[in-house]
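Scroll down for the structure; my scribbles are underneath it.
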Amino acid sequence: MNVSELAPSYDLIVIGGGPAGLAAAATAARAGLATVLFDENPTVGGQIYRGITANPVRNHAILGDDYWAGSALATEAKNSGALVVNGATVWSLDRTLTVGVSIAGEARLVSGKRIIIATGSLERPFPIPGWTLPGVMTAGGAQTVLKAQGLVPTGRTVLAGNGPLLWLLAAQILRAGGKIEAIVDTGTRRNWLRAAMFLPDFLLSPYFKKGLALLREVKAKALIIPGTRIAAVGSDKLTEVDVDGRRLPADLLLLHQGVVPNVNLAVAAGVPHRWNGRQLCFVPVLDGDFQSSVPGIAVAGDGAGIAGGTAAAERGRIAAIAAVRALKPDARIADPQAARQRLQREEMGRAFLDELYRPVAELRRPEGETIVCRCEEVTAAQIRETARMGCEGPNQMKSFLRCGMGPCQGRLCGLTVTELIADERGTTPDEVGYYRLRPPVKPITLGELASLPVSEAERRAVER
Amino acid sequence: MTRTADVVIIGGGIHGCSTALHLALRGLRPVVVEKDYSGRHASGVNAGGVRQLARDLAEIPLSLSSMDLWEHIEELVGDDCGFESHGTVLVAEDDAELASFKERVDDLRLRGFTHEELIDQAELRRLVPAVSDHCPGGVVSRRDGAADPFRTTQAFRRRAVEKGAEMMEGVTVTGLARVGEVWRVETSQGPIEAPKVVNAAGAWADRIADMLGEPVPLAVTAPMLMVTDRLPPFIQPVVILRGRKLSFKQRENGTVVIGGGHPATPYRDRNETVLDWEKLSLSARTVWELFPVMRQATIVRAWAGIEAYMPDGIPVLGKSSTSEGVFHQFGFTGHGFQLGPGTGAMMAELVATGSTNVPIDGFGIGRFKTGRL
């Protein structure tokens, strides 16, 4: 696929090829909307179903039934009539519903009557001393390698943190024949107490039985150590993991403390976001159809708040039904009520999981010389000091310290910076707010930008 | 209780903060009322060029006096503001352009200004080795340079407060009225009374002028900028073009800021801008042609600050034409950053003494009265 094959405009542009994007594109295209889905990865599936159409892992038991459920969605999208474009990086979206996209080093502007952002989630920053050392990576990163290339970590592997994905990855590594030296569990007893009140809902949710079985499977085979003060130790690469003073020799440390919505594209497009105190992250402000206050832009999937892959697909369908009803009122389309009910069932157990896996303050709000912004090497002490001197928000912090100004556009430090400022100034993250994000939300080369076609009239007007 | 001050300054950009500092240095007690936070718009997010080169004749005396302050900026505000002085080079892309540059430089000489200096291809190559071979020469202003705009605005703000100015941020002016001998400035946090008022409200300054019954044809404009990832050092001066819109500079950290004035669509009531990627693409092409070394660079961010542009391209400075005790300081049309320090000093002199030593005759708001323009 080449950018020159794209139409200048579509009824619906879906950004992201995970469960929400696949379900949205399929629903809309089947109802007759001219639909394009841009997915950055070489194959659809998003993070949860990564590589679903081209997976080298032969033994399906390793990745589990939930993973393989993704192939039905991929097939549905493929057969729906939607144009699914892989290797397409969306670097800009604005309130005129213009999408900047690059494919194979060439850029185009494409406009949509409706946009569904389905860019999912990313892992919450896990800023501990030494987290920038070679040998330290995120659990999600390790899972990506496992799903896409079938590679299992070798060497002494330690997992640390908390959350469903951490336990799932542990199980997947063990099933694939990998070894785990220890799992450092950063959960606390208080979390259990807070979660308990949501237990009845959780018992009814589909996660309950699956989760319990998974925990049992991992705990039977791996050493579990409780701990909250974690440091990666080593001079030029990881050699040990320090857990509350206890040293574990390690070649690989996999960190994870939950996932948070990937808000960059929605924030850059002007969609208002609000702090969610239970999920400890910013989520877009949306209506029941997942439409934002920017006319024509919806956010579906985990980008609308973390709820998991099955819920993401239902959200994608609901958002797409709203788009169809707006653009083609006569089209035959299912009532969204059924999807809403399935979504509600999926979301039922979420509060329990959010409370149970709530990351502890020590691991969200670091101190001292711990690096917060990896791109610009800004430390927690610098951010705290600048906040104490009167810096009220992350945008001024950017200007003072350059944190969040590197190529990752704050993906790895945004939440930490907001929480540190709130902590120092004795206010709430909602009050402090998030980075104002500027496009391109994904870096593009000068050559790519120069490749944008410009109308002749415009060129004549500007040049001599 | 009504708050009082010697001077209310509306707008906390570099101009409002510089005037506040210079008033405070004169022993007066100014209050700055800023609707967002200091440096939120054009003052904090501009390209940072500190340029005397290629200015309108009317601006040259002010620009030269401002340059003197820039060269001692740390003494003035207690921070070097990231100011680096490696000159600005206006590059000619062909011989016809170079000939027109020569006319301008000759004309400036006749008027006694020597800061612009014509250079041949060899000197251009020496100053800007990376420039493409097709460029035959240009003009340099050697004392020019660049600074960090947000840091500079903050430094002025901080020093102004240290010297006795008061900052009210997140506060909007809602009305202006003469009450006896003083002006009553209505704000979202109650009224302030002061004998003098300075309108330094940038892209919102026309609304203040409207309150005074002297409307101005201010265009809200948002010139776009973009920045690359870090590159090995390859250029020291700021480079600008005249035919095609481009300004170009590499900061000390290696990132390259590309600007030149193509506008984004501004939404001033939402503090928002929507970028025009087709125009940014034109800038990218110009850089592609002029600096082959940049072709593989990565663009990491693009943005635009909301500014006031005047139809004749020069600011509005001096006394109100309708209202005794009110002064204007806005409309810098995309080139007000360098003027900040000097204009603040000049305005403080004007507000405090009623006159100034710097010629500002061409800048009066009266020039926009019907029939004048």
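Residue numbers start from 1 in every chain, and the chains themselves are labelled A, B, ... in the order their sequence lines are given, proteins ahead of strands.
Under a 3.5 Å cut-off, the side chain of B/R301 and the backbone N or O of A/M405 do form a donor-acceptor pair.
With a threshold of 4.5 angstrom between heavy atoms, A/T96 approaches chain B through side-chain atoms but not through N, CA, C or O. Contact annotation for A/L109: only side-chain heavy atoms (C-beta onward) come within less than 4.5 Å of a heavy atom of chain B. At a 4.5 Å heavy-atom cutoff, the contact between B/T273 and chain A is made by side-chain atoms alone. When heavy atoms are compared at a cutoff of 4.5 Å, A/E448 does not approach chain B at all.
Two residues are said to be in side-chain contact when any heavy atoms from C-beta on lie closer than 4.5 Å; A/Q396 and B/Y37 meet this criterion. Counting heavy atoms from C-beta outward, B/E272 and A/R95 have side chains that approach closer than 4.5 Å. Considering only heavy atoms from C-beta on, A/P439 stays 4.5 Å or farther from B/W303 through its side chain. Contact of the B/M226 side chain with the A/L449 side chain is registered, since non-hydrogen atoms from C-beta on lie closer than 4.5 Å. You'll find the side chain of A/R438 stays beyond 4.5 Å of the side chain of B/L225, heavy atoms only. Proximity of B/T298 to A/I444: side-chain heavy atoms (C-beta onward) are nowhere separated by under 4.5 Å. A heavy-atom distance below 4.5 Å is not found between the side chains of B/L275 and A/S92. Looking at heavy atoms from C-beta onward, B/N253 lies in side-chain contact with A/R402 at the 4.5 angstrom threshold.
Around the CD atom of A/E5, the shell of radius 6.0 Å holds more than 12 heavy atoms that belong to other residues, nucleotides or ligands. A/E377 CD: 12 or fewer foreign heavy atoms inside a 6.0 Å radius. Counting non-hydrogen atoms of neighbouring residues, nucleotides and ligands closer than 6.0 angstrom, the CZ atom of A/R274 reaches no more than 12 such neighbours.
Taking CD from B/Q296 and CG from A/L446, the interatomic distance works out to 9.0 Å, rounded to the nearest 0.5 Å. Atom-to-atom distance recorded for B/D36:CG and A/N395:CG is 11.5 Å, nearest 0.5 angstrom. Remark: A/C375 SG to B/R230 CZ distance equals 9.5 Å, nearest 0.5 Å.
Under the rule for a salt bridge (charged side-chain N to carboxylate O under 4.0 Å, His left out), the partners of B/D79 that lie at least two apart in sequence or sit in another chain are B/R151, B/R158. In terms of the salt bridge (charged side-chain N to carboxylate O under 4.0 Å, His left out) criterion, residue partners of B/E84 (sequence neighbours excluded) are, by chain and number, B/R251.
Scanning all heavy atoms of the two residues, the minimum distance from A/S399 to B/F150 falls at CB-CD2, 2.9 Å. Here the closest non-hydrogen pair linking B/A284 and A/A450 is CB-N, 3.8 Å.
Annotation: maximal heavy-atom pairing with chain A below 4.5 Å, among B/V300, B/I299, B/T255, B/T265, occurs at B/I299.
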- [ ] Kindly determine whether B/L282 and A/L452 satisfy side-chain contact (heavy atoms from CB on, under 4.5 Å), including the steps that lead there.
- [x] CA-CA 9 Å; B/L282 286 178; A/L452 268 188; over 6 Å; no
